[in-house]
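Reviewing the structure listed below.
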Amino acid sequence: MEFILDFLTRFATQLQSPTLGFLIGGAVLAALGSRLEVPDAIYKFIVFMLLMKIGLKGGMKIREADLGDMLLPALFAVLIGVIIVLLGRYTLAILPKIRTEEGIATAGLFGAVSGSTLAAAMAVMDAEGLTYEAWAPALYPFMDIPALVLAIVMANVYLTKRKGDAGTRVKIWPIVTDSLRGSALSALLLGIALGLLTRPDFVYDSFYEPLFRGLLSVLMLVMGMEAYARVNELRKVAHWYAVYGAVAPLVHGLIAFGLGYIAHVTTGFSPGGVVLLSVLAASSSDISGPPTLRAGIPSANPSAYIGASTALGTPVAIAIGIPLFIGLAQVVFASA
Amino acid sequence: MEFILDFLTRFATQLQSPTLGFLIGGAVLAALGSRLEVPDAIYKFIVFMLLMKIGLKGGMKIREADLGDMLLPALFAVLIGVIIVLLGRYTLAILPKIRTEEGIATAGLFGAVSGSTLAAAMAVMDAEGLTYEAWAPALYPFMDIPALVLAIVMANVYLTKRKGDAGTRVKIWPIVTDSLRGSALSALLLGIALGLLTRPDFVYDSFYEPLFRGLLSVLMLVMGMEAYARVNELRKVAHWYAVYGAVAPLVHGLIAFGLGYIAHVTTGFSPGGVVLLSVLAASSSDISGPPTLRAGIPSANPSAYIGASTALGTPVAIAIGIPLFIGLAQVVFASA
Amino acid sequence: MEFILDFLTRFATQLQSPTLGFLIGGAVLAALGSRLEVPDAIYKFIVFMLLMKIGLKGGMKIREADLGDMLLPALFAVLIGVIIVLLGRYTLAILPKIRTEEGIATAGLFGAVSGSTLAAAMAVMDAEGLTYEAWAPALYPFMDIPALVLAIVMANVYLTKRKGDAGTRVKIWPIVTDSLRGSALSALLLGIALGLLTRPDFVYDSFYEPLFRGLLSVLMLVMGMEAYARVNELRKVAHWYAVYGAVAPLVHGLIAFGLGYIAHVTTGFSPGGVVLLSVLAASSSDISGPPTLRAGIPSANPSAYIGASTALGTPVAIAIGIPLFIGLAQVVFASA
Amino acid sequence: MIRQAIKLTIVTERLLLKEIIRVIEAAGASGYTVTPASGKGSKNLRSSGDPMVSDTYANVRIEVITTEPEMSERIANEIGEKFFENFSGIIYRDQVEVLRAHWL
Amino acid sequence: MIRQAIKLTIVTERLLLKEIIRVIEAAGASGYTVTPASGKGSKNLRSSGDPMVSDTYANVRIEVITTEPEMSERIANEIGEKFFENFSGIIYRDQVEVLRAHWL
Amino acid sequence: MIRQAIKLTIVTERLLLKEIIRVIEAAGASGYTVTPASGKGSKNLRSSGDPMVSDTYANVRIEVITTEPEMSERIANEIGEKFFENFSGIIYRDQVEVLRAHWL
Ligand SMILES: Nc1ncnc2c1ncn2[C@@H]1O[C@H](COP(=O)(O)O)[C@@H](O)[C@H]1O
Ligand SMILES: Nc1ncnc2c1ncn2[C@@H]1O[C@H](COP(=O)(O)O)[C@@H](O)[C@H]1O
Ligand SMILES: Nc1ncnc2c1ncn2[C@@H]1O[C@H](COP(=O)(O)O)[C@@H](O)[C@H]1O
Ligand code: NA
Ligand code: NA
Ligand code: NA
């Protein structure tokens with residue numbers, strides 16, 4: 001009871017956070033038919049800047065970190081990516097009116113990770129003074145890649161079986177490299193490498209760090225406009241996608257929270273780390289995931305998975321997921 | 001006499017302000033045939049950033065303000081928008097060689113407001129320590145929309161009468177919403193809403209505020225290049241447009257100064273507010289106005305009104321108008 | 001011996017500088033086939049920002065400087081531009097399998113100056129506290145323009161002679177104005193003018209200066225990606241271009257270092273100034289040079305000169321040249 | 001498989017894009033393709049206050065492929081009458097052979 | 001000098017550009033031209049998660065000029081079979097007269 | 001109303017745009033349309049130092065519609081002779097029916 005009250009207060013405060021404000025503002029503008037536009041070049045550059053910032057910081061801090069601590073959370077990240085896809089495969093994908101391969105693709109997208117949702121969570125946590133392990137953002141690929149790979153493999157196995165020919169096997173390595181080559185993961189990993197191997201402190205402190213929050217606010221505006229624009233796409237596909245888009249982020253986040261809690265108890269994974277793991281799980285890929293899935297499961301209609309993710313999954317993860325997991329952490333770890 | 005000397009000194013100082021310097025520099029580069037180019041995506045993003053900054057600040061401050069004070073200035077803003085259009089209708093538009101509907105369209109554009117001129121004025125005033133009411137920038141739409149609506153209505157009434165059919169009535173509401181949907185007003189109003197409803201202080205202080213002056217300098221560069229490029233367009237239309245473009249900004253600004261003075265005396269409207277109101281009046285719309293007019297008065301040749309505004313109106317408003325109104329304020333309100 | 005050890009240490013440190021790190025990172029990403037992309041609009045804007053920053057600073061400082069001091073270094077800059085072209089004309093351009101006019105064009109490009117390499121050097125020197133005369137960056141056009149003009153004139157004289165008709169003379173003035181109109185030189189010169197004539201201190205301190213290092217890091221990333229992409233182009237042309245691209249920057253830099261040393265002894269040109277002069281010499285134009293050469297020597301295959309410059313010349317100038325010249329300065333001028 | 005069709009091309013001010021698409025869809029066309037364009041003609045109005053100095057494409061080029069010749073005429077007439085008194089634009093058509101299309 | 005040729009035009013999702021170029025080059029075409037495009041058809045899949053709200057051109061328009069008519073058919077068939085079951089796209093061709101080309 | 005015309009298309013390096021427009025205007029054409037393009041041919045020179053790794057369109061595609069067939073040939077010859085020894089480019093033409101144009 002108290003927890004719910006607490007969450008509602010937190011949620012109300014969260015509504016005043018500019019992150020969420022810009023997201024909602026974007027959706028409202030789009031709904032009102034505003035001609036305001038953030039040019040594509042700016043959008044792409046902002047995504048680069050945010051992931052580079054996250055990567056640099058991670059890389060700079062990892063130097064001092066004990067990477068042994070990362071082992072269990074990284075394993076859990078992989079596990080969560082796998083669980084999300086399997087869960088989607090045996091719930092969403094078996095529902096009536098859902099084409100199995102489209103259900104699997106959607107689960108893959110929700111298992112993958114959104115750099116912008118991650119950035120939004122980090123901004124909120126920084127504002128609240130909730131700290132996490134330096135390497136926590138580096139869990140990103142550990143969840144992202146297995147989810148995409150598994151979804152593509154399962155969908156192709158399914159399609160091959162249906163066709164009855166047991167011929168073509170799906171190659172895993174190309175899917176992995178394709179994921180790694182995506183612009184989001186490339187920027188993140190380059191940032192980590194540069195943070196680790198060079199001394200980017202000055203450029204980080206004078207450029208990437210101070211611009212982070214502001215650029216994030218512009219990105220949230222775009223994602224709000226985008227969410228509204230995609231609602232129509234979502235309308236054209238089975239209603240179950242909407243249900244999944246609204247519920248899955250929270251379910252995935254809570255599963256991750258549970259696993260994170262185990263890591264907390266066994267290896268001292270920080271409360272902030274647990275929250276970040278939950279956000280990674282709750283988020284659904286918006287930049288690199290869709291083209292990878294499109295190439296890997298070409299017969300799945302992208303309107304289904306992109307609609308579910310952009311119109312509902314991401315707003316839910318940001319607006320409800322982030323405050324929920326932070327609130328949960330404060331309740332659960334306060335007593336601990 | 002002393003005032004004129006004073007103004008000339010101020011004007012000379014103003015010439016050293018980077019705002020004006022970049023404007024003139026842009027025109028010079030264009031005249032010399034430089035291939036320097038500010039990409040369209042950057043231009044659009046800068047306009048967004050400046051208006052969002054102005055809006056956020058306004059919104060954050062309005063919370064503490066007594067909005068009752070805004071009533072009279074807002075009323076005057078509407079009045080000024082209307083006066084400018086009527087003045088243009090019965091001077092410029094009745095001149096020989098001027099097609100009436102084009103004269104009216106031009107008056108509409110000069111009645112509307114330029115976000116970049118407003119930003120330039122705010123930068124100069126901040127540098128000079130001249131303060132104004134938090135809500136003063138929010139007077140923007142109160143002048144902008146009535147001017148555009150009135151111009152479009154008058155032009156269409158005129159055209160309908162000339163054709164002799166008293167059939168089609170002009171609908172006002174679509175013009176209003178079209179104005180509000182323009183990218184400039186959208187950004188400004190979104191900024192105000194977010195400033196009012198969320199707590200964007202951190203993102204404002206770390207991003208929108210520090211980048212303001214610099215982005216403005218780049219925008220001034222673009223506007224200078226643009227002014228030069230449009231001179232040719234201006235040459236192709238009647239000379240009266242050039243006269244109007246050079247004189248109207250100052251006349252409009254002085255009318256606004258007079259009304260602002262009344263507001264100062266009766267309700268304590270600040271000297272800075274009076275200057276800002278004058279700048280709003282002196283400015284002519286460069287971003288949202290043209291497409292709205294084009295759609296609303298399709299038979300008016302845009303070369304006339306855009307040429308008069310971009311090639312002459314805006315440079316005059318920035319280079320002469322801003323220092324003039326500030327100087328005037330210092331003379332007039334020093335004694336008060 | 002000690003110097004070599006010293007240089008190697010310095011070079012190793014330099015490898016950790018983010019400037020070089022981003023350059024190498026870009027090349028690695030491109031080699032791995034990453035889809036990361038810095039939009040063209042962003043690239044153009046960054047180049048503008050860096051050169052405007054360099055120009056503004058130069059202009060602001062020149063006010064206080066004794067321009068008489070600039071005379072000899074400026075003369076040397078012209079001389080270096082000329083030497084580089086002559087050297088290329090009588091080494092590279094006479095080699096077998098090298099088309100003479102393409103060899104000359106390449107020498108012209110290497111005699112011209114790269115704004116990004118200059119910016120990279122200034123960032124490293126600022127970090128090391130190595131100062132230079134305020135007007136040193138303004139030596140840019142004194143080397144750039146003579147090199148391009150001479151290369152174009154020599155190539156055309158050669159081509160005309162070969163054809164046997166002594167008819168068409170090459171006009172020099174159009175090449176000069178074309179160089180000055182290029183986006184890089186335009187931005188630099190505009191910056192100098194504004195720094196000199198206006199008071200841009202606030203906008204410089206709040207915008208151009210703080211963003212400098214960060215934007216440079218992004219530009220280095222682009223140049224790294226670009227270098228890798230151009231390797232293929234380089235492969236298609238004679239091997240001598242690769243040799244030239246690798247060796248010429250260092251040779252040119254050392255010649256400039258020698259001349260700079262003379263200026264140091266005779267007129268007190270600062271050690272930092274000598275380094276900057278060497279970097280100007282070592283750099284090869286990446287933005288304005290290629291189109292000017294293309295227009296001036298249309299029959300020269302641009303793959304030859306752009307490949308040699310972008311794939312090898314610029315990386316060598318930045319990665320080896322900058323630390324080499326700084327190290328040399330510390331050895332040479334420490335004793336002085 | 002191979003199908004004779006008319007390709008109708010409209011080059012006009014970007015400002016009109018939305019309204020022109022409305023006309024095309026109302027005419028029942030099976031699709032359209034839009035590319036950015038700039039250009040010069042004899043009317044040559046500037047449609048917007050967008051900076052001319054940057055690399056903006058102020059026109060659009062819209063192609064409609066249709067197997068019904070009179071549909072192309074209908075679209076051209078409606079657009080011509082509705083917009084071309086006051087806006088810049090040109091409309092032309094030619095014959096193409098459609099090899100693949102999802103609406104075939 | 002003047003040479004009759006076939007101009008094959010493919011409008012499809014940008015996502016496929018690289019692979020389609022591979023098909024074109026494998027077929028032995030002497031070149032191709034790509035322009036950005038957007039549009040609507042009857043399949044209308046969104047190919048990417050790229051923002052719709054910005055001014056993105058999500059399609060490409062690829063033209064291949066060839067003097068061998070059956071090459072155009074070969075390319076069209078291969079692209080059609082390989083991609084158009086799952087991706088948006090249209091392919092058409094017409095006759096042009098090549099006045100200048102470096103491969104003539 | 002409907003008028004037979006020639007559509008001349010020039011695809012070449014963006015660098016040449018200004019000079020080619022000068023040729024077109026000097027030839028007395030009533031207008032032209034420019035679209036951004038990229039591509040590959042057999043000469044394939046890179047015209048500029050512009051980054052290849054970003055999404056630049058280094059070519060332009062210029063269309064000139066004219067009712068005088070020999071004007072198209074004149075423009076093609078002049079451009080071909082003046083530029084195509086050293087620059088990449090292709091020129092072709094076909095027949096179109098102009099339905100609306102301000103110069104008709
Ligand atoms: N003769 C022509 N050839 C090619 N494009 C043309 C021609 N005339 C007009 N256009 C295009 O149509 C647009 C509007 O033409 P106009 O209405 O004549 O100003 C121009 O901006 C060009 O893009
Ligand atoms: N009738 C048409 N006319 C012009 N372009 C078309 C037409 N049909 C389809 N297209 C283009 O081909 C793309 C794919 O079409 P579709 O596969 O039918 O969705 C669309 O986005 C359009 O760009
Ligand atoms: N066969 C072709 N089909 C279509 N476009 C071509 C063809 N050949 C050349 N082009 C275009 O013309 C440009 C220059 O060709 P080239 O001069 O052969 O290098 C290329 O970049 C292409 O855009
Ligand atoms: Na996820
Ligand atoms: Na006004
Ligand atoms: Na050089």
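In what follows, every chain begins at residue 1, and chains take the letters A, B, ... in the order their sequences are listed.
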### Task
Show your working on side chain to side chain contact (heavy atoms under 4.5 Å, CB included) between B/Phe207 and A/Val218 and close with a plain yes or no.
CA-CA 11 Å; B/Phe207 188 67; A/Val218 181; 4.2 Å; yes

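For B/Leu211, the part sitting under 4.5 Å from any heavy atom of chain A is the side chain, from C-beta outward, and nothing else. Interface remark: B/Leu197 contributes backbone atoms only to the contact with chain A (heavy atom separation under 4.5 Å). In this structure, chain B has a heavy atom under 4.5 Å from the side chain of A/Leu221, while its backbone stays farther away. No part of A/Phe212 comes within reach of chain B, as not one of its non-hydrogen atoms sits under 4.5 angstrom from that chain. When heavy atoms are compared at a cutoff of 4.5 Å, B/Asp178 approaches chain A by way of both its backbone and its side chain. Using a 4.5 Å cut-off between heavy atoms, B/Phe202 touches chain A through its side chain atoms alone.
To the nearest 0.5 Å, atom CZ of residue A/Arg35 and atom OG1 of residue B/Thr292 are 5.5 Å apart. The structure places OG of A/Ser34 at 9.5 Å from CG of B/Leu189, a figure rounded to the nearest 0.5 Å. Atom CD of A/Glu37 and atom OG of B/Ser186 lie 11.5 Å apart (nearest 0.5 Å). Rounded to the nearest 0.5 angstrom, B/Met52 CE and A/Leu36 CG are separated by 7.0 Å.
Residues A/Pro18 and B/Thr198 come closest through the heavy atom pair CA-OG1, 4.2 Å.
Dense packing is recorded around OH of B/Tyr132, with more than 12 heavy atoms of other residues, nucleotides or ligands lying under 6.0 Å away. Atom CG of A/Leu32 is surrounded by more than 12 heavy atoms from other residues, nucleotides or ligands within 6.0 Å.
When A/Thr19, A/Leu215, A/Leu20 are compared by the number of non-hydrogen pairs under 4.5 Å with chain B, A/Leu215 comes out ahead.
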